[in-house]
Amino acid sequence: MPIERYIFLAIALFCIGIAGVLIRRNAIIVFMCIELMLNAVNLLLVAFSKMHHLKATAANATAGIEGQLFVFFIMVVAAAEVSVGLAIIVMMYRNVHSVDINFLNRLKH
Amino acid sequence: MNVSDILFYFLSALAIGSAILVVISRSPIYSVLWLIVTFFAISGHYIMMNAQFLGIVNLIVYAGAIMVLFLFVIMLINLNTDAKPQKGKWLRLAGTVAGGCLLLVLVAALKNTEVKGMGVQVGTGDIGLINQLGKALFTEYVVPFEISSILFLSAMVGAVVIGKK
């Protein structure tokens with residue numbers, strides 16, 4: 001399987017995530033699009049890890065395992081980030097009774 | 001075109017299609033459900049590349065835990081206000097154009113990249129198995145692993161403190 005297929009797939013998922021962040025005004029959906037971008041990067045890291053493993057497996061039997069460990073740590077950080085971020089969204093809903101990010105313009109005034 | 005090619009295109013189409021549906025769904029509940037479909041497709045890619053541990057962890061952590069958390073928050077929040085139309089047709093158009101431009105630039109930049117044509121090992125290779133990953137995680141990367149537990153503890157305390165106010 002050539003690597004550029006995985007590169008283009010990850011680029012497509014990442015750009016859909018960016019377009020979602022720019023288009024949608026609902027804070028929860030913006031947050032979900034950020035998760036989508038994180039997953040696109042994870043997919044590309046695993047693909048590069050397997051590519052490096054195929055190339056360097058003669059010299060080092062566990063070549064490329066660092067990429068998969070990085071994906072594991074990204075998942076750990078994403079889980080922590082989601083728990084705090086959703087708590088912030090719930091607090092924001094209690095204060096302004098909406099999750100629309102257009103209402104979060106108090107710093108402007 | 002062999003089986004892995006067909007599987008790759010099927011999973012890619014599923015991932016991209018459901019990712020687009022995440023963005024364009026009107027109700028956040030449908031967005032969450034389509035995002036779960038996207039995560040299943042990405043887990044299918046992991047399993048196809050024989051990264052079995054990451055495939056299962058992706059299902060358990062993302063599709064299991066994080067998406068349930070999203071669903072709980074959506075159910076906690078009153079969603080009736082979402083029925084009003086989103087303001088700004090031009091804003092949506094500008095967002096779409098910006099995302100499309102980024103896609104175009106990245107594809108054009110990486111079309112003839114240095115790694116072009118190099119193969120990805122599909123179906124074989126044992127670095128994705130839990131045996132190898134566990135050995136590396138508990139010998140070479142044991143300090144980041146312990147630090148991530150402190151991160152989880154601080155995130156838990158932070159979520160409780162923010163949520164209690």
Side-chain angles (χ1 to χ4, degrees), chain A residues 1-9 11-13 15-20 22-26 28-29 32-33 35-36 39 42-43 46-47 49-51 53-55 57 62-65 68-69 71-73 75-84 86-91 93 98-99 102, chain B residues 4 8 12 15-16 19-20 22-23 28 31-32 35 38-39 42 45-46 49 51 54 57 61 65-66 69-70 73-74 76-77 81-82 86 92 95-96 98-99 102-103 106-107 110 115-122 125 127-128 132-133 136-137 141 144 148 151-152 155 158-159 162-163 165:
Chain A
M1 190 79 65
I3 184 72
E4 57 263 26
R5 289 187 193 171
Y6 284 104
I7 294 177
F8 292 148
L9 173 64
I11 288 173
L13 286 175
C15 290
I16 290 168
I18 283 193
L22 293 176
I23 291 169
R24 297 305 296 259
R25 301 287 95 188
N26 189 331
I28 294 175
I29 294 180
M32 281 194 274
C33 290
E35 295 299 314
L36 190 62
N39 265 279
N42 280 351
L43 179 65
V46 174
S49 139
K50 294 297 283 185
M51 185 194 85
H53 182 65
L54 185 62
K55 194 184 168 197
T57 186
T62 61
I65 203 168
Q68 304 205 8
L69 283 172
V71 171
F72 179 69
F73 283 118
M75 283 179 184
V76 166
V77 172
E81 171 231 334
V82 162
S83 64
V84 177
L86 284 175
I88 290 174
I89 287 178
V90 170
M91 192 192 68
Y93 181 75
S98 168
V99 289
N102 283 328
Chain B
S4 62
F8 177 86
S12 302
I16 291 176
I20 290 173
V22 170
V23 176
S31 286
V32 170
L35 196 57
T38 311
F39 288 157
I42 289 174
H45 275 295
Y46 289 162
M49 285 188 276
L54 285 178
V57 164
V61 172
I66 292 180
L69 208 59
F70 270 103
V73 169
I74 289 173
L76 211 62
I77 287 172
T81 54
D82 196 64
Q86 297 179 342
R92 267 186 285 173
T96 313
L102 183 69
L103 178 73
L106 283 176
V107 167
L110 295 173
V115 294
K116 179 178 163 59
M118 287 175 74
V120 175
Q121 196 177 34
V122 170
I127 57 165
Q132 303 282 331
L133 279 173
L137 193 62
Y141 290 88
S148 69
L151 176 74
F152 265 126
I162 291 171
K165 267 192 236 175

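Protein chains get the first letters and strands the later ones, always in sequence-line order, with residue 1 at the start of each. Worth saying up front: this structure is predicted, and the values here are computed from it rather than measured. Hydrogens, waters and symmetry mates are skipped; everything else that's a heavy atom, side chains included, is used.
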Looking at [atom1] of [X] and [atom2] of [Y], how far apart are the two atoms once the value is rounded to the nearest 0.5 Å?
X        : Y       : atom1 : atom2 : result
A/Ile29  : B/Phe70 : CD1   : CZ    : 10.0 Å
A/Leu13  : B/Ile20 : CG    : CD1   : 9.5 Å
B/Leu137 : A/Phe72 : CG    : CZ    : 5.5 Å
A/His53  : B/Met49 : NE2   : CE    : 13.0 Å

| request: Return the orientation label for the B/Tyr141 and A/Phe73 ring planes: parallel under 30°, perpendicular over 60°, tilted otherwise. | output: tilted
Which one wins on heavy-atom pair count under 4.5 Å against chain B: [options]?
options                           : result
A/Arg5, A/Met75, A/Glu81          : A/Arg5
A/Val84, A/Val82, A/Leu69         : A/Leu69
A/Leu36, A/Leu43, A/Val77         : A/Leu43
A/Ile65, A/Ile89, A/Asn39         : A/Asn39
A/Lys55, A/Met51, A/Met91         : A/Met51
A/Cys15, A/Pro2, A/Ala80, A/Ala19 : A/Cys15

Who wins among [options] for the most heavy-atom pairs under 4.5 Å with chain A?
options                               : answer
B/Val57, B/Val61, B/Ile16             : B/Ile16
B/Gly163, B/Ala159, B/Gly119, B/Gly99 : B/Gly119
B/Leu106, B/Val120, B/Val122          : B/Val120
B/His45, B/Gln132, B/Met118           : B/Met118

Side chain from CB out, backbone as N, CA, C, O: work out which of these in [X] comes under 4.5 Å of a heavy atom of chain B, or both, or neither.
X       : answer
A/Gln68 : both
A/Phe8  : side chain
A/Ile3  : both
A/Ser49 : both
A/Ile18 : side chain
A/Met1  : both

Identify the two heavy atoms, one from [X] and one from [Y], that lie closest to each other, and give their separation to 0.1 Å.
X        : Y       : result
B/Ser148 : A/Val76 : CB-CG1, 3.7 Å
A/Ile16  : B/Ala19 : CG2-O, 3.6 Å
B/Ala51  : A/Val46 : CB-CG1, 4.0 Å
B/Val23  : A/Gly20 : CG1-CA, 3.7 Å
B/Ser31  : A/Met32 : CB-CE, 3.6 Å

Could you tell me which portion of [X] (side chain, backbone, both or neither) has an atom closer than 4.5 angstrom to a non-hydrogen atom of chain A?
X        : answer
B/Val107 : both
B/Thr38  : side chain
B/Leu54  : both

| query | Are any of the side-chain heavy atoms of B/Leu110 and A/Glu4 separated by less than 4.5 Å? | reply | no
| message | One pair to check against side chain to side chain contact (heavy atoms under 4.5 Å, CB included): A/Asn42 and B/Ile42. What are the steps and the verdict? | response | CA-CA 9 Å; A/Asn42 280 351; B/Ile42 289 174; over 6 Å; no
